[in-house]
2 protein chains.
Amino acid sequence: MGSEVDEAFTELQRRHVRMTPQRRTILTYLVTHHNHPTVETIHEALDQQTPNMSLATIYNTLKLFVDLGIVIELANGEDGVHYDYYNKPHYHAICTNCGRIADVFYPDFPKVAQQLEKEAADQTGYQITGNHIEVYGLCPQCQKKLNSKS
Amino acid sequence: MGSEVDEAFTELQRRHVRMTPQRRTILTYLVTHHNHPTVETIHEALDQQTPNMSLATIYNTLKLFVDLGIVIELANGEDGVHYDYYNKPHYHAICTNCGRIADVFYPDFPKVAQQLEKEAADQTGYQITGNHIEVYGLCPQCQKKLNSKS
DNA sequence: TGCCTAAGTTAGAATCATTTTAAATCGATT
DNA sequence: AATCGATTTAAAATGATTCTAACTTAGGCA
Ligand SMILES: [Mn+2]
Ligand SMILES: [Mn+2]
Ligand SMILES: [Zn+2]
Ligand SMILES: [Zn+2]
């Protein structure tokens, strides 16, 4: 059970990443919550089960996961940095009014992303290793809210 | 001669944006420099010709231009936020080692971006108004630097 | 199994990019 | 030219992230 969590742990062991209770807890949270939490969201959520976890540890751990490539950062959006356990390729729609983030799973996305990466590599000589692709606009809730104001 | 700078000013007048010397100066800098400056870069560059321009004014003005849609923010990249006067559609390659930013002009880019926007709108109900598309990796200089270390 | 040590965690302090403030100044409309 | 809301400014405040230094621990090894 919780196989996705187990898979994630196994992957870290395979990569000789030292396992700590804090890392377990944070990774479990990320794998089981497909919201796109900020550091503060994670801190508050974990405060229930693991009081006294330092913010510094959350920052350190997220940076580690990002460097390992299993987590991505969403740095745009109105409010702070959001994090996402990234197993299936997808991109994001971000609300310019409230910051709400929605996943977009598009079968052709990997193809499209590779196309953009290849073109960039050919044109600039960069050795491309990844991408940040997001679209933004008004989420359905904010559309309603703003429409009823006129 | 309707230089690019004049066109930019005309566009602002058309939109009834109040014109100030500071806004003129900053817009002129952005239009004539195709580097991707940070607030600090702009502040230092303008300090020569316009001492005493407040950092707050630069922040305010850039936010205005971004809201007007004539300037885009590059929020990823290792070091702070970069700005770009965005006339011709293009995307960016960002070096994960030194932060250097390169333009990528790809004829199919508008088509590809629209495809991603349409799919996101259909799937999420968001009213999409724009996108942030970047790829990242090692710039040529950093490739050399890091190769010669092994 | 029980050390040992490099690596990780912690609370609190420090940093520093950005925002806020309140007073002075200015642009543009009449 | 007068008017007034918008803009600018320097300085202070904010707040997210990073740093520090002491403490603790995971995991390899005897
Ligand atoms: Mn996601
Ligand atoms: Mn550019
Ligand atoms: Zn919204
Ligand atoms: Zn580089």
Side-chain angles (χ1 to χ4, degrees), chain A residues 8-30 36-47 49-68 70-83 99, chain B residues 8-30 36-47 49-68 70-83 99:
Chain A
F9 287 149
T10 306
E11 173 64 10
L12 291 192
Q13 274 173 263
R14 198 185 62 69
R15 301 238 235 148
H16 309 109
V17 175
R18 192 185 281 204
M19 197 45 57
T20 68
Q22 292 83 352
R23 288 175 179 179
R24 274 181 219 287
T25 305
I26 294 169
L27 185 54
T28 301
Y29 179 85
L30 290 171
H36 298 86
T38 62
V39 167
E40 200 47 50
T41 304
I42 296 172
H43 189 238
E44 280 163 17
L46 300 186
D47 200 45
Q49 52 178 270
T50 318
N52 308 326
M53 189 187 296
S54 172
L55 274 178
T57 295
I58 301 180
Y59 279 103
N60 289 341
T61 302
L62 288 171
K63 180 177 295 175
L64 174 75
F65 291 166
V66 168
D67 289 347
L68 288 169
I70 63 175
V71 164
I72 61 168
E73 266 180 355
L74 302 172
N76 296 307
E78 311 300 84
D79 60 336
V81 179
H82 293 250
Y83 293 88
Chain B
F9 287 149
T10 305
E11 172 66 7
L12 291 192
Q13 274 173 261
R14 198 185 62 70
R15 302 238 235 148
H16 311 105
V17 175
R18 193 184 280 201
M19 196 46 58
T20 67
Q22 293 85 352
R23 287 175 180 178
R24 276 181 217 286
T25 306
I26 294 170
L27 185 53
T28 301
Y29 179 85
L30 289 171
H36 298 87
T38 62
V39 166
E40 200 46 52
T41 304
I42 296 171
H43 189 238
E44 280 162 16
L46 300 187
D47 200 44
Q49 53 179 269
T50 317
N52 309 325
M53 190 185 297
S54 173
L55 275 178
T57 295
I58 300 178
Y59 279 104
N60 289 340
T61 303
L62 289 171
K63 180 178 295 177
L64 174 76
F65 291 166
V66 168
D67 289 347
L68 289 170
I70 64 176
V71 163
I72 61 170
E73 265 181 355
L74 302 172
N76 297 303
E78 311 299 85
D79 60 335
V81 179
H82 293 250
Y83 293 87

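Note that the structure is a prediction, hence the values are computed from the model and not measured. Throughout, protein chains are lettered first and strands after them, A, B, ... in sequence-line order, and every chain is numbered starting at 1.
Taking only side-chain atoms of A/R18, from C-beta outward, the nucleotide of C/dA11, C/dA6, C/dT9 with the closest atom is C/dA6. In the set C/dG27, C/dT9, D/dT18, C/dT9 carries the atom at the smallest distance from any side-chain atom of A/R23. Considering only the side chain of A/Q22, C/dT9 comes nearest among D/dT8, C/dT9, D/dC19. When the nucleotides D/dT9, D/dA26, C/dT9 are ranked by their closest atom to the side chain of A/P21, D/dA26 comes out on top. Picking from D/dC19, C/dG8, D/dT9 the nucleotide with the shortest atom distance to the side chain of A/A56 gives D/dC19. Minimum atom distance to the side chain of A/V39 is reached by D/dT17, of the listed D/dT17, D/dT9, D/dC19. Candidate nucleotides D/dT9, C/dT10, C/dT9 were compared by shortest atom distance to the side chain of A/M53, and C/dT10 ranks first.
The nearest pair of heavy atoms linking A/M19 to A/L12 is CE-CD1, 3.7 Å. Nearest approach of A/D79 to A/G99, heavy atoms of both residues: OD1-CA, 4.4 Å.
One can place OH of A/Y83 at 9 Å from C1' of D/dT17, the figure rounded to the nearest angstrom. When the C1' atom of D/dG27 is taken as reference, atom CG of A/L12 falls 16 Å away, rounded to whole Å. The separation between B/D79 atom CG and D/dT17 atom P is 16 Å, rounded to whole Å. Rounding to whole angstrom units, CD1 of residue B/I58 and P of C/dA17 are separated by 13 Å. One interatomic measurement links the two molecules: CZ of A/R24 to C1' of C/dT9, which rounds to 16 Å at whole-angstrom precision. Whole-Å rounding puts the A/L62 CG to C/dG8 C1' distance at 15 Å. Across the protein-nucleic acid pair, A/Y59 atom OH and D/dT20 atom P stand 17 Å apart, rounded to whole Å. At whole-Å resolution of the value, CD1 in A/I42 and C1' in D/dT17 are 14 Å apart.
With values rounded to the nearest 0.5 angstrom, B/N60 atom CG is found 10.5 Å from B/Q22 atom CD.
Taking only side-chain nitrogens and oxygens, A/T20 comes nearer than 4.0 Å to OP1 or OP2 of C/dT9.
Position along DNA chain C of the nearest nucleotide to B/G80 versus A/V17 favours A/V17 as the more 5'-ward residue.
Within 4.0 Å of A/T57, counting heavy atoms only, lies at least one base atom of the nucleic acid.
Exactly one residue among A/L62, A/T61, A/I70 makes a side chain to side chain contact (heavy atoms under 4.5 Å, CB included) with A/L30. That residue is A/L62.
Side-chain atoms of B/T38 and B/T41 form a donor-acceptor pair, as typed in the model, at a separation below 3.5 Å.
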